Amino acid sequence: LMDLYMPLNWFGTYYRAIQKNFVDMENMFDLLKEDQEIFDAPGAAPLITAGAGIEFSNVTFGYSPEKIVLRNVSFSVPPGKTVAIVGPSGAGKSTIVRLLFRFYDVQSGAVLIDGQNIKLVQQQSLRKAIGVVPQDTVLFNNTIFYNIEYGKIGARADEVYEAARLADIHERILGFPERYETKVGERGLRLSGGEKQRVAIARTLLKAPVLVLLDEATSALDTNTERNIQAALSRVCANRTTIVIAHRLSTIINADEILVLKDGNIAERGRHEELLQRKDGVYAEMWMQQLKNLESDGEGEKNVNTKDKPPTEDA
Ligand code: ATP
């Protein structure tokens, strides 16, 4: 009976993950070819990236025309810089990154990368330029090697190992029963949330995209894990144009610009220190709230989330 349900289940999981966390969108496009509404424009040229600056110019978008999710949103991310998007649930944060990946087309306005409207470039070239580190990585029922190599199919073994090293998971893999040949995923070794995130980081390092979309996990990892992951993440984002959907204080502080999204509009924007200065500001209030939560969680080294102790799994 289990076997009968497996494919359906798997598809359900995948579909939900995609819609919600833009997990592994490259693959999803193949899976949903039938429903695909996004096509290459006739004669579309490949995206040509230099520094990979991003521009959202007066973007208005709704999943259905009568319910607008983003209204006249404009911002830019200069080449190599990091912009963090914060805001309450449902504000449209994930929608922004889905639009950048051209999961959907904007209703009006335009999304540009290095001055090219993404609507007019070959989708394949667009997706090749973007690396995604999702909140929750879906692993393939395959070896850990395959799962990392997926970032650059045909990569040499030493490239895969190097990516794993930089993502701080190489040593861990060497401890698995069959090292890099260990099967992972739902039907193999179950990886913890932190480990899965590292796989995503390794994949992205291997892919070496010019542009990185990072959807930070909301659930707290323990402080040590957190620190190591931050280090690995900063390797992914270094010198790459990055958009982060931020939930953690650390990313927010260092971002070149923070966009506070509220009800489909950018309510506030600026650097951390600037936004904190605003009396009654949305950001200042969110910040105070986060600090309070940290304190009530016991802060620092004691802040261990038992839920995330390995080896757990969700997928
Ligand atoms: P969260 O922090 O909870 O992830 P978010 O700021 O990322 O929220 P979005 O996922 O961008 O919010 O959603 C913005 C709005 O669009 C919400 O009202 C949401 O219900 C709606 N929405 C999101 N995805 C879809 C979809 N596939 N179809 C229809 N409506 C959607």
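Keep in mind it's a predicted model, so treat the numbers as computed, not measured. Read the numbers this way: they start at 1 and go in the same order the structure lists the ligands and their atoms.
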Using distance alone, with no hydrogens and no angle criterion, decide if D40 and Q123 have a side-chain donor and acceptor under 3.5 Å apart.
-> yes

Value for CZ (R179) from CG (L174), rounded to nearest 0.5 Å, stands at 5.0 Å

Between S64 and ligand 1, find which residue part has any heavy-atom pair under 4.0 Å and reply side chain, backbone, both or neither.
-> neither

Measuring from the heavy atoms of G92, does anything fall under 4.0 Å of ligand 1?
-> yes

Taking only heavy atoms of R98, which atoms of ligand 1 are found under 4.0 Å from at least one of them?
-> 10 (O), 23 (C), 24 (N)

Charged N-O contact under 4.0 Å between R271 and E257 = no

Under 3.5 Å side-chain donor-acceptor pair for T95 and Y104 | no

Could you check if a side-chain atom of L100 sits within less than 4.5 angstrom of a side-chain atom of L213, using non-hydrogen atoms only?
-> yes

Is K67 close to ligand 1, meaning an N/O of one under 3.5 Å from an N/O of the other?
-> yes

With heavy atoms and a 4.0 Å threshold, my read on which part of Y104 contacts ligand 1 is side chain

Ligand 1-proximal atoms of V69, by part, heavy-atom distance under 4.0 Å = side chain

Can you name the closest pair of heavy atoms from S57 and S74 and give their distance?
-> C-OG, 3.8 Å

Before accepting this row, confirm whether a basic side-chain N of the pair R165/E162 lies closer than 4.0 Å to the acidic partner's carboxylate O.
-> yes

Pull out every atom of ligand 1 sitting under 4.0 Å from any heavy atom of T95, numbered as shown with elements.
-> 9 (P), 11 (O), 13 (O), 14 (C)

Pick, from F103, Y63, F61, the option with the minimum heavy-atom distance to atom 16 (O) of ligand 1.
-> Y63

Is it true that G264 lies under 4.0 Å from ligand 1, counting heavy atoms only?
-> no

Provide the number and element of each atom of ligand 1 under 4.0 Å from a heavy atom of S94.
-> 4 (O), 5 (P), 7 (O), 10 (O), 11 (O)

Heavy-atom contacts with P88 under 4.0 Å: which atoms of ligand 1 show up? List them by number with element.
-> 6 (O)

Output every pair passing salt bridge (charged side-chain N to carboxylate O under 4.0 Å, His left out) with a member in residues 60-71, not counting sequence neighbours, ordered by first then second residue.
-> none

